Undergrad: 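Have a look at the structure that comes next, please.
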Amino acid sequence: MTQRIVIENAAIATVDAQDTEYACGHVVLAGHRIESVGAGRAPEDLEDVTRRIDATGHLVTPGLVSTHHHFYQWITRGLATDHNLFDWLVALYPTWARIDEPMVRAAAQGSLAMMARGGVTTAMDHHYVFPRGAGDLSGAIIGAARDMGVRFTLARGSMDRGEKDGGLPPDFAVESLEDALTATEETVRRHHDASFDAMTQVAVAPCSPFSVSTELLRRGAELARGLGVRLHTHGSETVEEEKFCHELFGMGPTDYFESTGWLGEDVWMAHCVHMNDSDIEAFARTRTGVAHCPSSNARLAAGIARVPDMLAAGVPVGLGVDGTASNESGELHTELRNALLINRLGAHREAALTTRRALRLGTYGGARVLGRAAEIGSLEPGKLADLVLWRMDTLAHASIADPVTALVLGAAAPVTASFVNGRQIVEDGRLLTADEDAIARVTREEAQRLARIAARG
């Protein structure tokens with residue numbers, strides 16, 4: 001027997017290929033799939049309906065999809081607030097290099113909780129700091145996502161270029177080339193689920209051009225493709241990175257990535273702020289994806305990514321939170337607004353992004369970047385039942401006639417309900433799968449413990 005949940009009397013933004021919307025419509029969930037979406041009320045004769053939700057005053061959208069994050073940074077928020085990227089990394093790496101499994105588990109819980117209660121149904125974490133003897137960090141992160149009930153991609157990161165090799169991380173914070181590759185392969189084989197309704201997937205993710213060797217990039221790409229998983233890294237984030245690549249490799253970041261096998265439809269990169277026309281053309285030609293992180297880019301004074309040009313060229317683009325040491329709020333729904341506003345400061349001004357394009361970046365765009373556009377990112381029959389009910393009839397939004405405009409440009413909208421795989425994980429803005437107060441207490445304790453350890457050096 002397939003149990004059904006009926007949601008009706010809601011405004012609906014499906015974010016399908018035609019951007020179909022209903023001023024008053026319904027969604028029917030059958031098990032962990034979307035069975036139907038349409039105008040008006042759902043049929044009254046549906047069988048095995050276990051729940052009917054009157055969503056009057058709400059907007060229903062696909063769940064938000066985060067394409068770039070560093071969960072561990074939840075316990076180092078609010079530090080180095082006036083630094084650019086390289087100085088910020090130099091300031092924080094010595095602290096990050098002392099994380100351990102309890103810290104990482106707590107930080108993952110905090111990061112996931114903040115996103116989930118704000119409408120994220122698919123999260124990802126790019127974790128690349130693996131101090132020796134720190135414990136099973138990948139397992140801790142994946143376990144936190146499983147317990148939270150959020151769909152999840154772990155980008156198993158790595159660094160093998162420490163200070164002695166001209167990199168930024170302290171030498172005791174990096175792995176050897178062989179250790180990084182072996183551990184990454186083990187993580188994929190242990191945790192990656194390639195099925196349609198997978199709750200956990202794993203990507204191969206060397207950190208960045210200035211923290212990994214060329215050999216790790218090359219062999220990491222070969223490993224990922226041999227295992228049939230996706231590839232993720234940072235790219236073209238700052239002018240300092242571009243200068244670093246020219247000095248070390250004799251070419252810019254995009255050409256360097258292409259020379260190491262790191263462009264392709266199975267690749268997505270974070271930031272991509274400093275891209276010229278030929279870089280964008282290369283990404284479009286190879287269908288390499290981009291995780292746009294507007295708040296972090298502003299926080300670190302990195303610049304404004306050329307998102308309108310990328311979209312016009314056909315580059316897949318999604319939104320990312322980035323680590324909460326450079327985006328202290330840790331909320332993806334605020335990135336819808338910030339993506340629109342920050343890109344309107346760029347060359348295209350008021351024509352840069354629309355509210356609906358911003359919503360698409362945070363839903364279908366993210367699903368495409370993660371390689372899951374067939375399963376999530378839009379409200380269509382047969383897709384997985386990941387969706388959010390945003391309340392739009394409160395003081396904050398009630399006088400805005402267009403609910404999508406209200407969601408993107410208005411104050412953060414309350415989440416009345418969030419479903420992942422047909423299971424409700426948020427109700428009236430509170431998590432159903434975790435104790436938020438307990439998470440707040442533990443993350444504070446672990447942040448303080450890390451600060452004490454770092455202070456002792």
Side-chain angles (χ1 to χ4, degrees), residues 68-100 103-104 107 111 125-132 134 137 155-175 180 205-214 216-217 232-249 252-253 256-257 269-274 291-303 305 320-328 330 447 450-451 453-455 457:
H68 187 64
H69 206 319
H70 307 295
F71 289 175
Y72 74 90
Q73 293 180 14
W74 187 264
I75 56 174
T76 59
R77 294 190 294 166
L79 304 177
T81 57
D82 302 311
H83 293 50
N84 66 24
L85 175 69
F86 275 29
D87 292 342
W88 175 83
L89 289 172
V90 169
L92 292 176
Y93 267 140
T95 297
W96 294 339
R98 290 168 172 82
I99 58 175
D100 60 22
M103 293 176 191
V104 168
S111 297
D125 182 33
H126 185 192
H127 188 87
Y128 53 85
V129 182
F130 291 90
R132 295 173 185 84
L137 305 189
R156 203 291 180 183
S158 52
M159 301 186 293
D160 70 337
R161 185 194 292 274
E163 287 177 318
K164 68 179 176 59
D165 297 316
L168 291 180
D171 291 328
F172 61 85
V174 303
E175 299 173 281
C207 182
S208 65
F210 48 84
S211 60
V212 306
S213 65
T214 300
L216 180 52
L217 278 177
H232 180 58
T233 191
H234 297 85
S236 300
E237 186 173 1
T238 65
V239 291
E240 290 85 2
E241 178 191 331
E242 185 171 9
K243 180 181 178 183
F244 180 94
C245 287
H246 275 287
E247 289 179 351
L248 214 62
F249 313 121
Y256 176 61
F257 281 127
M269 296 191 198
H271 304 297
C272 299
V273 174
H274 297 277
H292 177 43
C293 305
S295 295
S296 176
N297 293 344
R299 159 81 151 79
L300 296 174
V321 172
D322 203 10
T324 47
S326 67
N327 179 4
E328 275 73 7
L450 176 58
I453 292 171

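Along the sequence shown, residues are numbered consecutively beginning with 1. No experiment lies behind these values; they were computed from the predicted model shown. Basis for what follows: all heavy atoms, side chains included, without hydrogens, waters or symmetry-related copies.
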Undergrad: I'd like to check Asp165 versus Ser213 (side-chain heavy atoms, cut-off strictly below 4.5 Å). Are they in contact?
TA: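 They are not in side-chain contact.
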Undergrad: If we ignore hydrogens and angles and just use 3.5 Å, is the side chain of Glu241 paired with the main-chain N or O of Ser236 as donor and acceptor?
TA: yes
Undergrad: For the OH atom of Tyr93 and the CZ atom of Arg98, what is their distance to the nearest 0.5 Å?
TA: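 Spacing of OH (Tyr93) from CZ (Arg98) equals 14.5 Å.
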Undergrad: Rounded at 0.5 Å granularity, tell me how far OG in Ser208 sits from NE2 in His271.
TA: 10.0 Å
Undergrad: What are the two closest non-hydrogen atoms of Val273 and Ala302, and how far apart are they?
TA: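 In this case the closest contact between Val273 and Ala302 is CG1-O, 3.6 Å.
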Undergrad: Distance check, rounded to the nearest 0.5 Å: Arg299 atom CZ versus Asn297 atom CG?
TA: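 It is 12.5 Å, given to the nearest 0.5 Å.
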Undergrad: Can you see which heavy atom on Ile453 is nearest to which on Met103, and at what distance?
TA: CD1-CE, 3.7 Å
Undergrad: Quick one: OG1 on Thr214 to CZ on Phe249, what's the gap to the nearest 0.5 Å?
TA: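 Rounded to the nearest 0.5 Å, the OG1-CZ separation comes out at 4.5 Å.
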Undergrad: Classify the ring geometry between Tyr72 and His70 as parallel (under 30°), tilted (30 to 60°) or perpendicular (over 60°).
TA: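 Rings of Tyr72 and His70: tilted, 30 to 60°.
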Undergrad: How close do Gly235 and Phe257 get, counting heavy atoms only, and between which atoms?
TA: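 Nearest heavy atoms, Gly235 then Phe257: CA-CE1, 3.8 Å.
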Undergrad: Do His127 and Val104 come close enough that some side-chain heavy atom pair is under 4.5 Å?
TA: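 Side chain of His127 against side chain of Val104, heavy atoms only: contact under 4.5 Å found.
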Undergrad: Report yes if the side chains of Leu300 and Glu237 come closer than 4.5 Å at any heavy-atom pair, otherwise no.
TA: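 In contact.
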Undergrad: Counting only N and O atoms by type, is there a donor-acceptor contact under 3.5 Å from the side chain of Asn327 to the main-chain atoms of Val321?
TA: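 Flag set: sc Asn327 to bb Val321 pair under 3.5 Å.
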Undergrad: From the options Arg156, Arg132, Arg161, select the one residue that forms a salt bridge (Lys or Arg N to Asp or Glu O under 4.0 Å) with Glu175.
TA: Arg156
Undergrad: Between the main-chain N or O of Gly78 and the side-chain N or O of Thr81, is there a donor-acceptor pair closer than 3.5 Å?
TA: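 No, because the side chain of Thr81 does not come within donor-acceptor range (under 3.5 Å) of the backbone of Gly78.
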Undergrad: Hey, what do you get for CD (Glu247) to CD (Glu240), rounding to the nearest 0.5 Å?
TA: 11.0 Å
Undergrad: Quick check: closest heavy atoms across Trp96 and Ala325, and the distance to 0.1 Å?
TA: CZ2-CB, 4.1 Å
Undergrad: Atom CZ in Phe86, atom CZ in Phe210: separation rounded to 0.5 Å?
TA: 4.5 Å
Undergrad: Under 30°, 30 to 60°, or over 60°: which ring-plane class applies to His232 and His234, parallel, tilted or perpendicular?
TA: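 Ring orientation of His232 relative to His234: tilted.
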Undergrad: Any side-chain donor-acceptor pair under 3.5 Å between His68 and Asp322?
TA: yes
Undergrad: How close do Asp160 and Val174 get, heavy atom to heavy atom, and via which atoms?
TA: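 Looking at all heavy atoms of both residues, the closest pair is CA-CB, 4.0 Å.
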Undergrad: Mind checking whether Leu217 and Tyr256 have side chains closer than 4.5 Å, heavy atoms only?
TA: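 Answer yes - side chains close enough.
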Undergrad: Minimum heavy-atom separation for Ile99 and Pro131, please, with both atom names.
TA: O-CG, 3.6 Å
